[in-house]
2 protein chains.
Amino acid sequence: MATLKDVAEATNLGLATVSRALSGNAGVLPETRKKVEAAAKALGYQPNALARGLRQSSSKAVGLVIPDLENEFYTSGAAVIQEVLANAGYRLILCCSNNDPTIDALLLDSLVERRVEAIAHVPSSAIGSDVIRSRNPSLPVVEYARRSNSEHVDSIVGDEALGSEKLIEYLVSLGHRRIAMIAGPRGQSTTTARLAGFESAVRKAGLDADQCPVLHGPYDPDWSEDATRELLLQDPQITAIFASSSRTVLGAFKALSGFGLHVPSDISLVGFLNPPWYEVALAPVTTYELPLKDMGAMAADLLLKRIAENEHPHAEWAAKTIRFEGRLIVRESATAPRVGSLELAEMPRAS
Amino acid sequence: MATLKDVAEATNLGLATVSRALSGNAGVLPETRKKVEAAAKALGYQPNALARGLRQSSSKAVGLVIPDLENEFYTSGAAVIQEVLANAGYRLILCCSNNDPTIDALLLDSLVERRVEAIAHVPSSAIGSDVIRSRNPSLPVVEYARRSNSEHVDSIVGDEALGSEKLIEYLVSLGHRRIAMIAGPRGQSTTTARLAGFESAVRKAGLDADQCPVLHGPYDPDWSEDATRELLLQDPQITAIFASSSRTVLGAFKALSGFGLHVPSDISLVGFLNPPWYEVALAPVTTYELPLKDMGAMAADLLLKRIAENEHPHAEWAAKTIRFEGRLIVRESATAPRVGSLELAEMPRAS
DNA sequence: CTGAAAGCGCTAACAC
DNA sequence: GTGTTAGCGCTTTCAG
């Protein structure tokens, strides 16, 4: 590949002049610039971002670590983060941790090695982004969607507790008193918050906690399907299910169909988040939507702001947690509880 | 941030020794290595990947450009590409072109500047990856999911033509003779192939092409909803719709519900690809599934292979196009055509 | 306005 | 085994 030197030799100019000309720097004769640009194009010159980054110690890159590339909860924000950053001239290095804390830490390390100027992070463990601070305390970090226990990073999250609470309140207002929750894996801030909201709402409504079971497991349709099945078998009095993620909703629907049960006539179901398909599900899903796009934009803006602040010897700022409220979306998957008990007909699954 | 020199000074060793020790290179006394590692850890030393990359002219990074971060057609492959590459010690720089050829070209350029060692690319225009070749002809490139007109790049795609054909054959076997297709935007290889399959099947089945209308538009639920509405209004004889992407299926369902129509009793609907929600849709969707995971793995393997070949003065290899077959998945959204004509009741939309 | 030279942090020859 | 040195490609003083 052609280098600056090649262009310099081709034009009989000095390295410095060529550099200035190509980086749109002032102080170069217009005709000189023309000549340089022509030669550069002719040689197919492409600047070497590694060399430039090394020299200026600024890579114009930002890292983003998310746990799952196929989950709208993360990609929806990632999309706007990438867009905002791109408009500001930064490139996004997007990594996927598969929800594995070890990989998570590895990826964070490698981003630091690549000298990214900031990191957006969906933490996969409570340790979260602390790895980074031990490497380079001045590197701006914002946590998105999930919160770790780190004290020194900003975080942008949804108000998940409020969401669950609203959902349960809604079910209670419909007349439900036996509500089950299919929760996520313990130890993640999202799970914790959603669970807290559930328990708080159950308490406030004066429901019997024993009649409102909670099952913990991964945010995975297959697990959720099994969990729902088991739940119904063990607790056929349940009249409503709170499936606390879109994957969970999916599994719940499948289990319910398997039993020949209809939503909402046999059992009510509410979800969380709002992927487009909720509108065309077996029963359009009543849910709590989080403003993921706004959250992503905010995260990106904050990142940019922190980068800018970093230029100047920054006054000690306090890390802030910004919690976005969402909204309850009432569709058709939840109605007043059925009368009578559940008839579970284990049907052969279609395909 | 600490540099190699800092570690060298701290240990009273030479730069080279420290470098060797830290990069696990042979020819260093075990105790020396210990000492170096201890000092490095104490100083919080992190290697500078920019400097290393510059020196070795190899960045251990691979670029991936996809048009949409929120579409499983791309992210599903992206996820496995990232995984395979990560296992081989490469970092993925994932960029999103928003289906805009200009941005696409920009991103490709910036990847070249960052000296990635290979690029996986979902082209957003027919020019596709040619930008890259003009910059650096020896940079391995593989197109994934879509094909451009580039002659010199490998491509991994699904057999979309076959898919449409199978789907239409299936509808015909059910008795349909008036089938509409909601197609994607003209000019993309996927659209072209899906359309070709449709037309070929229509012809082979001896259907009247006039009775099998095709609408072109973006792969977008809202557009698809409008298109479906219009279609039904203009052509109420239609008994089946081929919605040629998952977004399109979504819109079609919404339009159909809006008219108070039921799938499949009033009208049959078949989709394309196989996102998990197809199973829990208003009517579980009959579709043609592509092995996206296998395709992604293949793309990554090919990339790795090309990188390895690049080390040696490579014999001129021919670019290959690998086309993966998928499979027809029969669910419940298509049955024998209704008898009688359609009653369109424009109902107030719920929520 | 342009050129020469230093140096970003690292690795790979080459000496010792 | 270890140290010295050159140089990857670029930007940026500092002279001219």
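Letters go in sequence order (proteins before strands), and every chain restarts at 1.
Classification of B:K293 and A:E70 as a salt-bridged pair holds, one side-chain N sitting under 4.0 Å from a carboxylate O.
On a pure distance criterion of 3.5 Å, a polar donor-acceptor pair joins the side chain of A:R20 and the base of C:dG3.
Taking atom NZ on B:K5 and atom P on D:dT5, their separation rounds to 14 Å, with Å as the unit. Spacing between atom CZ of B:R115 and atom C1' of D:dC8 amounts to 11 Å, rounded to whole angstrom units. As a whole-Å value, the separation of B:L29 CG from D:dG3 C1' is 14 Å. Between the C1' atom of D:dT2 and the CG atom of B:N25 lies a distance of 13 Å, rounded to the nearest Å. As rounded to whole Å, 10 Å separates atom P of C:dT11 from atom CG of B:L15. Distance NZ (B:K60) to P (C:dC10): 18 Å, rounded to an integer number of Å. Counting to the nearest Å, the C1' atom of D:dT2 and the CZ atom of B:R33 are 13 Å from each other. Counting to the nearest Å, the C1' atom of C:dG7 and the CG atom of A:L4 are 16 Å from each other.
Here A:S57 lies out of heavy-atom contact (under 4.0 Å) with every strand. Using a 4.0 Å heavy-atom criterion, one finds that B:N12 contacts the sugar-phosphate atoms exclusively. Backbone-only engagement by A:T32 is indicated by non-hydrogen atom pairs under 4.0 Å involving sugar-phosphate atoms exclusively. If you check every strand for non-hydrogen atoms under 4.0 Å, A:L50 touches nothing.
Between B:S19 and C:dC10 there is no side-chain N or O to OP1 or OP2 distance below 4.0 Å.
Minimum atom distance to the side chain of B:N48 is reached by C:dG9, of the listed D:dC10, C:dG9, C:dT11. When each of C:dT2, D:dC10, C:dC10 is scored by its nearest atom to the side-chain atoms of B:R55, the top-ranked nucleotide is C:dC10. Of the listed nucleotides (C:dG9, D:dT12, C:dA12), C:dA12 has the atom at the smallest distance from the side chain of B:Q56. When distances run from any side-chain atom of A:A16 to the nucleotides C:dT11, D:dG9, C:dA4, the shortest one goes to C:dA4. Comparing atom distances between the A:L13 side chain and each of C:dG3, D:dG3, D:dT12 picks out C:dG3 as nearest. Closest to the B:T17 side chain, of the nucleotides D:dT2, D:dG9, C:dG3, is D:dT2.
Between the side chain of A:R115 and the main chain of A:V112, a donor-acceptor pair closer than 3.5 Å is present. Side-chain atoms of B:E143 come within 3.5 Å of backbone N or O of B:S148 as a donor-acceptor pair.
No side-chain N or O of A:S97 forms a donor-acceptor pair with one of A:N99 less than 3.5 Å apart.
You'll find the side chain of B:R91 reaches within 4.5 Å of the side chain of A:L107, heavy atoms only.
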